[in-house]
Amino acid sequence: EISSHEALIDAVLNTGQHLIGGDHYAAEDIRSRLEELMRDMQQLRQQTGHRAAQLAQAYELQKFYAEVSDAESWMNDRRPLLTSTEYGKDEYSAQALLKKLDTLERDLEGFRSTVDSLDVLANSLVDKKHYAAAEIRHKQSQAQEHFAALQESAGR
């Protein structure tokens with residue numbers, strides 16, 4: 001929106017300079033108002049830049065939260081297999097459970113890259129001095145602990 005008004009602001013500044021250069025009777029008032037307009041525009045640009053940076057950080061935070069939520073959901077979906085007290089009623093069902101456990105152990109190894117990428121993202125946000133750095137570290141820690149607990153339950 002600021003960019004769309006640049007032409008109008010430039011026209012006002014040019015007209016004001018033209019009036020000042022033409023020895024207009026209110027030249028001092030015009031000069032003062034032009035300086036005020038330029039100061040206000042500079043301040044508006046700075047505030048807009050600051051707001052854009054805040055919005056970018058908020059977007060990054062929401063992206064991180066979504067990724068953590070997905071990871072937590074994945075881990076929560078796997079927990080019942082590891083906490084089950086079922087051992088199978090016969091040899092066939094016991095083998096099926098062992099097969100599921102082997103698959104889960106491979107899935108956990110593959111999921112390590114997801115946890116590692118969360119760590120990289122969290123560290124990147126904290127290194128950028130993100131306004132929610134403490135919360136990011138907390139979520140990162142929770143995800144790491146949850147993953148470690150799953151690995152421990154799987155006997156890894």
Side-chain angles (χ1 to χ4, degrees), residues 1-14 16-17 33-156:
E1 189 173 343
I2 293 172
S3 297
S4 67
H5 288 86
E6 290 284 336
L8 177 61
I9 304 257
D10 288 343
V12 168
L13 291 172
N14 287 336
Q17 293 297 333
R33 288 178 173 250
L34 290 179
E35 289 171 356
E36 182 180 347
L37 176 62
M38 289 187 294
R39 274 193 312 272
D40 289 347
M41 282 303 297
Q42 181 62 29
Q43 183 180 12
L44 183 59
R45 285 185 189 107
Q46 288 173 346
Q47 289 173 342
T48 302
H50 181 69
R51 180 69 177 149
Q54 287 178 323
L55 290 173
Q57 280 193 340
Y59 172 76
E60 290 174 331
L61 181 63
Q62 293 307 313
K63 181 179 167 187
F64 174 75
Y65 283 162
E67 290 184 26
V68 167
S69 178
D70 289 346
E72 289 287 341
S73 178
W74 186 92
M75 289 186 279
N76 287 334
D77 289 346
R78 274 49 181 192
R79 179 155 303 284
L81 182 60
L82 294 172
T83 58
S84 173
T85 57
E86 184 181 344
Y87 298 109
K89 299 174 189 164
D90 54 28
E91 182 181 353
Y92 176 75
S93 60
Q95 285 179 347
L97 288 171
L98 280 172
K99 193 175 199 180
K100 284 183 182 181
L101 185 58
D102 287 341
T103 300
L104 178 60
E105 287 176 353
R106 283 192 300 278
D107 288 348
L108 280 173
E109 274 308 309
F111 193 71
R112 177 182 297 283
S113 65
T114 299
V115 174
D116 291 345
S117 70
L118 282 175
D119 288 345
V120 168
L121 179 57
N123 291 335
S124 170
L125 293 173
V126 170
D127 290 346
K128 291 179 188 176
K129 310 256 188 277
H130 196 282
Y131 68 87
E135 177 65 21
I136 291 168
R137 282 282 185 225
H138 179 70
K139 291 281 189 188
Q140 175 189 22
S141 176
Q142 283 181 324
Q144 288 172 338
E145 289 170 8
H146 194 172
F147 183 67
L150 272 181
Q151 285 185 309
E152 185 177 318
S153 293
R156 305 204 102 235

Flag the pair Val115 / Phe111 as yes when at least one side-chain heavy-atom distance between them is below 4.5 Å, and no otherwise. yes
Within-4.5 Å side-chain heavy-atom neighbours: Leu37 and Arg33: no
Do we see a donor-acceptor contact under 3.5 Å between the side chains of Gln46 and His50? no
Just so I know, are the side chains of Asp116 and Val120 near enough to count as touching, which here means a heavy-atom distance under 4.5 Å? no
Decide yes or no on side-chain hydrogen bond (donor to acceptor under 3.5 Å, both in side chains) for His138 and Gln142, but give the supporting numbers first. CA-CA 6 Å; His138 179 70; Gln142 283 181 324; 3.2 Å; yes
Do Gln140 and Arg137 meet the criterion of a side-chain donor-acceptor pair at a distance under 3.5 Å? yes
Spacing of Glu105 atom CD and Leu81 atom CG [to the nearest 0.5 Å]: 9.5 Å
Can you give the donor-acceptor pairs under 3.5 Å from side chains of residues 65-80 to other protein atoms, not counting sequence neighbours?
unit_1	atom_1	unit_2	atom_2	d
Glu72	OE1	His146	ND1	2.5
Asn76	OD1	His146	NE2	3.4
Asn76	ND2	Glu72	O	3.2
Arg78	NH1	Trp74	O	3.3

Test log, rule side chain to side chain contact (heavy atoms under 4.5 Å, CB included), inputs Gln54 and Gln57: CA-CA 5 Å; Gln54 287 178 323; Gln57 280 193 340; 5.6 Å; no
Quick one: do the Ser93 and Asp90 side chains pair a donor with an acceptor below 3.5 Å? yes
Could you tell me if the side chain of Arg106 sits less than 4.5 Å from the side chain of Leu101, heavy atoms only? no
What's the spacing between Leu82 CG and Glu152 CD if we round to 0.5 Å? 11.0 Å
Just by modelled atom types, is the Lys99 backbone N or O under 3.5 Å from a matching donor or acceptor in the Thr103 side chain? yes
What distance do His130 atom NE2 and Leu61 atom CG have between them, rounded to the nearest 0.5 Å? 4.5 Å
Got Met41 and Arg45 here, is their nearest side-chain heavy-atom distance under 4.5 Å? yes
If you count the non-hydrogen atoms of other residues, nucleotides and ligands that lie under 6.0 Å from CD in Glu91, is the total more than 12? no
Taking the side chain as everything from C-beta on, heavy atoms only, tell me whether Lys63 gets closer than 4.5 Å to Glu60. no
